[in-house]
2 protein chains.
Amino acid sequence: MSVATKTRIKEPPKAEARGGENRREALLDAAAAMFAAKGYDGTSIRDIAGAVGMLPGSLYYHFKSKEDLLLAVYRKGVARFEEAIAEALGQTPAEPWHAIEAACAAHLSTLLDGGDYARIVSPEFVRSFPPEVLPVLNTERDRYERHFEKLIAALPLGAETDRWLFKVSLFGSLNWSQTWYRKGHYTPRDIAAAFIAMLRNKEA
Amino acid sequence: MSVATKTRIKEPPKAEARGGENRREALLDAAAAMFAAKGYDGTSIRDIAGAVGMLPGSLYYHFKSKEDLLLAVYRKGVARFEEAIAEALGQTPAEPWHAIEAACAAHLSTLLDGGDYARIVSPEFVRSFPPEVLPVLNTERDRYERHFEKLIAALPLGAETDRWLFKVSLFGSLNWSQTWYRKGHYTPRDIAAAFIAMLRNKEA
DNA sequence: GATGCTACCAAACAAGCGATTGCTATGGCA
DNA sequence: TGCCATAGCAATCGCTTGTTTGGTAGCATC
């Protein structure tokens, strides 16, 4: 803004020599895929660069370190989850049990069918990350979980039910699915419905 | 036993030059602690050997490879879980809901307060292990989970409840606790009671 | 037609890794 | 006394890691 004078439009420097902006995106995709498949430590800069036909050193033009690359991938992963439940809640009746079931189904399908970016976000993965980045990661995750806390607060649960334990129990059930899920047997919708049905006690 | 003839007791070769058998045990303890703290990849042979005042090469007298060491630690971890629930089930009334709650409490206290060995067993960890050892690990874990399958089979659940989904849901809730548990707020018993109460619908 | 920026190559760096080898001091047993 | 297994030291090998540095082809602008 405030360039004003004459036709001096220096701001967008075009940036399209050969591969343009999508080389960076290609690196992100490759990194997400390889992190998901072999873990952070198990993936080398050489692997990632090689996957897009680039030399290891060249990657440092786009990302200043391996951690920086990881962070970019992670953020994209969290974003997928947020978009998914935002969309699900947008088109669902406000009835509390229906709402949380829809959110769970969205969470599950992102986690299970959401591609490599989503897979990175799971704590099973985070464990393998360098400790320095954990605070940043947790901040992002907490923001996401807050959506679920709101949905749980709206549920007509008995007074004896600890809503915080309810949340961690539910999240555990959902995220654990990564360890056993295989395509074809159950759909994310089925799983979400079954889990919510088990937790929904007393009046049907 | 059955040494019999004369005083030829060659079988136990004494093995007590300087540190005896407990040097190997010390290595196991150190490995468990460091694997738990920094992951498999994050821990070097140098770290482990150094922690017990040994040079890296000397470790290879006790274990033939880093993977071998990992496997020994893992097995000890699974054993802890099996002992814990065996003991819990031994001193618990046969009433199905009480039984599974006791097993869950035992599982949780092993997972959360059971020390470094137990921590290794969690799939959050297994993810970082070299792929070659996974089949062995899964065999051990499956055997353990079968105890819970039996307990779940005995529960008076409605016909609409998928007992397999019940199992994975419960295991998810339990194992997820590793990500949020901090000593002092809830005890493993409290958590187990709360989780089971949530799942125990209909008749009180 | 010189300048400058983008996007990359080519080569190397220091550090750390798991593992191997040859050797040695110790102590029980014959 | 001689023998052999135990338990470890000392040194090193070959390899991979994340990262840095210097250079350069291609294009846009002045």
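First the proteins, then the strands, lettered A, B, ... as listed; each starts at 1. Just so it is clear, the values below take in all heavy atoms, side chains as well, and ignore hydrogens, waters and symmetry mates.
Within a 6.0 Å sphere centred on CZ of Arg80(B), other residues, nucleotides and ligands contribute more than 12 heavy atoms. Heavy atoms from other residues, nucleotides or ligands lying under 6.0 Å from CD of Glu87(A) number 12 at most.
Within 4.0 Å of Gly53(B), counting heavy atoms only, lie sugar-phosphate atoms of the nucleic acid but no base atom. Using a 4.0 Å heavy-atom cutoff across all strands shown, Leu55(A) reaches at least one base atom of the nucleic acid.
Comparing dG8(D), dT19(D), dG18(C) by their closest approach to the side chain of Lys66(B) singles out dG18(C). The nucleotide whose nearest atom lies closest to any side-chain atom of Tyr61(B) is, among dG18(C), dG8(D), dT19(D), dG8(D).
Taking only distance into account, the side chain of Arg46(A) meets the base of dG18(D) through a donor-acceptor pair shorter than 3.5 Å.
Rounded to whole Å, atom P of dG8(D) lies 8 Å from atom CG of Leu27(B). Taking atom CZ on Arg23(A) and atom P on dG26(D), their separation rounds to 16 Å, with Å as the unit. Going from atom CG of Asp68(A) over to atom C1' of dT19(D) covers 14 Å, rounded to whole Å. What separates CZ of Phe35(A) from C1' of dG18(D) is a distance of 12 Å, to the nearest Å. Atoms CD (Glu25(A)) and P (dA7(C)) sit 13 Å apart, rounded to a whole Å. A straight line from CE of Met54(B) to P of dA7(D) spans 9 Å, rounded to a whole angstrom. Between the C1' atom of dG8(D) and the CZ atom of Arg24(B) lies a distance of 16 Å, rounded to the nearest Å. Between the OH atom of Tyr40(A) and the C1' atom of dT17(D) there is a distance of 11 Å, rounded to whole Å.
Residue-to-nucleotide proximity on DNA chain C shows that, of Ser58(A) and Tyr60(B), the 5′-proximal contact is made by Ser58(A).
In this structure, Ser44(A) reaches the dT17(D) phosphate: one of its side-chain N or O atoms is under 4.0 Å from OP1 or OP2. Between His62(A) and the phosphate of dT6(C), there is no side-chain N or O to OP1/OP2 separation shorter than 4.0 Å.
Note that the CD atom of Glu145(B) and the CD atom of Glu140(B) stand 13.0 Å from one another [nearest 0.5 Å].
Using a 4.5 Å heavy-atom threshold, the side chains of Phe35(B) and Asp47(B) count as separate.
Distance alone, capped at 3.5 Å, places no donor-acceptor pair between the Ser169(B) side chain and the Leu165(B) backbone.
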